[in-house]
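Structure first, then comments.
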Amino acid sequence: MPVYDLVDSQWLPLRPKGAKRPEEFSLREALLRAHEFDGLVVDLPTHTPALLRQVLLPVVLHALGRPRDRAEWARRFHAGHFTREEQDKLCAYLEKRRARFDLFDAEAPFAQVGGLHTAKQETKGSALLVATAASGNNVPLFASRTEGDPLPLTPAQAARWLLHAHCWDTAAIKSGAADDPQAKAGKTTGNPTGPLGALGVIVPVGCNLYETLMLNLPIGAQPGDDLPQWAREPLKPAWKVRAATGLLDLWTWQARRIRLIPEETDDGTRVSRVVLCAGDRLEAIPEWEPHTAWAFAKAPKSATGTLRRPQRHAPGKAAWRGLQALLASERQDRDGAFETSVLLRQLAGLQAEDLIGFDYPLQVETIGITYGNQSAVVEDILFDSIPLPVSALRAEEDAYTVLLEVTEQAEDLAKAVNNLSADLRRAAGADPIPWDKGQRPGEFVLHALDPLVRRFLIGVRASADDADLLERGRIAWEKAARDRTWEVAERLLATATRGEFGGRTIEKDGRQLTYRLATAEQNFRRRLKATLPRCAPAAGNFVEDMSAATAPVA
């Protein structure tokens with residue numbers, strides 16, 4: 001059996017500061033030199049939370065402990081790197097646990113079950129671990145490779161996809177382990193997705209890997225019985241439904257029973273076959289889960305109060321369009337309300353005590369997976385990264401109000417263009433584009449406004465303590481937003497024919513309504529003025545220009 005020690009083998013993809021390309025480093029190097037790396041550079045965004053939660057964060061937390069209060073967190077954060085004493089503790093910790101970090105150990109392989117097999121000794125291709133590879137129900141009709149094609153993974157790749165499966169694996173039927181009493185006919189059913197599949201994951205990112213690790217460490221006491229998977233007894237094939245004992249247990253949750261099967265090839269050790277079976281199931285997502293925001297909704301009729309659920313990311317929707325959830329640092333237990341993540345709420349408290357600067361260049365990554373067909377296939381991988389002013393996390397600050405207003409204005413501008421399109425289509429005798437079908441022109445507005453909003457977020461970070469500068473920024477935003485919106489609106493107006501110019505009258509609810517180009521543009525201008533009160537209306541009038549263009553020549 002080959003040996004692949006994750007403590008000192010190169011497998012974590014990191015980019016050293018100043019380097020153009022990432023390299024692979026060992027777990028020891030990643031931690032001791034964390035301040036020297038920009039951060040993780042992964043093939044798929046979903047790898048980032050998997051590597052942070054399954055290895056990096058729990059090692060730091062278990063070896064050094066959680067910050068007891070904000071002052072201790074600030075002291076560790078502003079140190080800028082692990083101190084010599086902390087480095088010695090990390091090295092001693094890794095040496096003590098080294099045996100459990102062997103990827104191919106016969107008895108207790110890392111994050112696996114030694115000797116795991118099915119009743120019929122079946123194995124499957126390693127593509128089963130790879131979310132983007134054709135495998136099982138994920139094989140496209142016209143894919144260039146089939147499930148039968150081998151996908152040899154290097155040990156480094158296999159380690160990363162192993163941890164990814166524990167976090168994001170698809171749901172539905174899994175192979176039954178030979179010694180699993182809950183397996184029936186060689187299968188287990190009712191498997192949920194990996195724990196992160198139920199979340200809209202939010203990861204605060206700092207200027208380097210060290211800062212990112214600190215930004216993802218919650219402050220507070222740690223339960224004494226909470227342990228990472230490598231500090232517990234080696235897992236057996238049998239699984240259970242249970243609650244997480246604490247962060248270490250939650251972060252290293254073993255959602256599947258897996259065994260990697262290495263083989264020696266001309267290219268070295270490769271993993272082409274695996275055994276993947278059912279794993280532990282969370283009773284519920286704990287309310288202290290740190291990497292998600294929360295949404296509140298009315299409880300079913302049989303219950304009272306509201307339900308608090310993880311806020312999922314919407315496909316095709318930029319992260320700033322969900323800013324209301326990211327900035328909701330105050331818990332409001334009512335229908336339709338939001339609550340931001342534990343980690344962002346923690347940053348709000350740190351900024352309130354001036355333990356982190358209002359101009360700190362915080363980035364927030366939003367990551368998720370959209371599943372289809374009973375969550376048994378991966379339909380889409382969602383990712384975005386935005387600059388988030390730390391001061392905006394506090395509701396009493398001007399930055400909070402300004403950012404929410406700007407994002408609401410962007411949405412209102414998209415609605416104004418959609419309404420213009422609907423009025424023009426009615427004037428031509430057609431129905432408006434359904435909200436859930438086709439592509440409405442408001443999406444072009446949001447696409448055009450996207451770089452403006454991101455630039456504004458950076459500007460707010462630099463001007464949060466200057467009310468005058470903040471106000472000038474709002475005026476500049478409104479002028480630029482107006483121009484971008486008019487560019488989209490004018491393309492719609494330019495397609496108008498004499499039919500839209502003359503208009504049509506329809507009867508609705510006993511009233512006669514007339515739709516024509518002139519009233520469509522007038523309504524659009526009125527909505528634009530109401531949405532952007534700080535900038536003057538755009539010059540020119542399309543209807544007057546069109547009238548002049550179509551007037552008979554004398």
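Remember, predicted model here, so these are calculated numbers, not experimental data.
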task = For side-chain hydrogen bond (donor to acceptor under 3.5 Å, both in side chains), just list the numbers for Y360 and E211, CA-CA rounded to whole Å, side-chain angles, deciding distance to a tenth of an Å, and then say yes or no.
result = CA-CA 11 Å; Y360 178 74; E211 290 187 0; 2.4 Å; yes

ask   = What is the ring orientation for F456 with W477, classed by angle as parallel under 30°, tilted 30 to 60°, or perpendicular over 60°?
value = tilted

query = Hey, is the main chain of A79 close enough, under 3.5 Å, to the side chain of T83 for a donor-acceptor pair?
reply = no

task = Before accepting this row, confirm whether a basic side-chain N of the pair E397/R394 lies closer than 4.0 Å to the acidic partner's carboxylate O.
result = yes

query = Does the gap between the ring centers of Y371 and W168 come in under 6.0 Å?
reply = no

query = Which of these, R534, R472, R484, sits in a salt bridge (Lys or Arg N to Asp or Glu O under 4.0 Å) with E478?
reply = R534

message = Is a donor from one side chain sitting under 3.5 angstrom from an acceptor on the other, for D384 and T366?
response = no

query = Salt-bridged, E283 to R242, with N to O below 4.0 Å?
reply = no

ask   = Does the pair R256/D169 count as a salt bridge with the N-to-O cut at 4.0 Å?
value = yes

query = Under 30°, 30 to 60°, or over 60°: which ring-plane class applies to W486 and F524, parallel, tilted or perpendicular?
reply = perpendicular

task = Verify, without hydrogens or angle tests, whether T252 (side chain) and Q229 (backbone) share a donor-acceptor contact under 3.5 angstrom.
result = yes

query = Hey, is R15 close enough to E36 for a salt bridge, meaning N to O under 4.0 Å?
reply = no

message = On a heavy-atom basis, which atom in P204 and which in L362 lie closest, and how many Å separate them?
response = CB-CD1, 4.0 Å

inquiry  = Assess the residue pair V406 and L323 against the criterion (side chain to side chain contact (heavy atoms under 4.5 Å, CB included)); give the C-alpha distance rounded to whole Å, side-chain angles, the decisive distance to 0.1 Å, and a yes or no.
reply    = CA-CA 10 Å; V406 164; L323 211 56; over 6 Å; no

Parallel, tilted or perpendicular, as decided by the 30° and 60° cut-offs, for the rings of H164 and W161 = perpendicular

Ionic contact status for R461 with D359, cut-off 4.0 Å = no

inquiry  = I'd like to know whether the aromatic ring centres of F37 and F25 sit less than 6.0 Å apart in this structure.
reply    = yes

query = Are a donor atom and an acceptor atom from the side chains of Q363 and S385 found within less than 3.5 Å of each other?
reply = yes

message = Please check this pair: side chain of H35 against backbone of F82, looking for a donor-acceptor N/O pair closer than 3.5 Å.
response = no

task = Verify the ring-centre separation between F296 and F338: is it less than 6.0 angstrom?
result = no

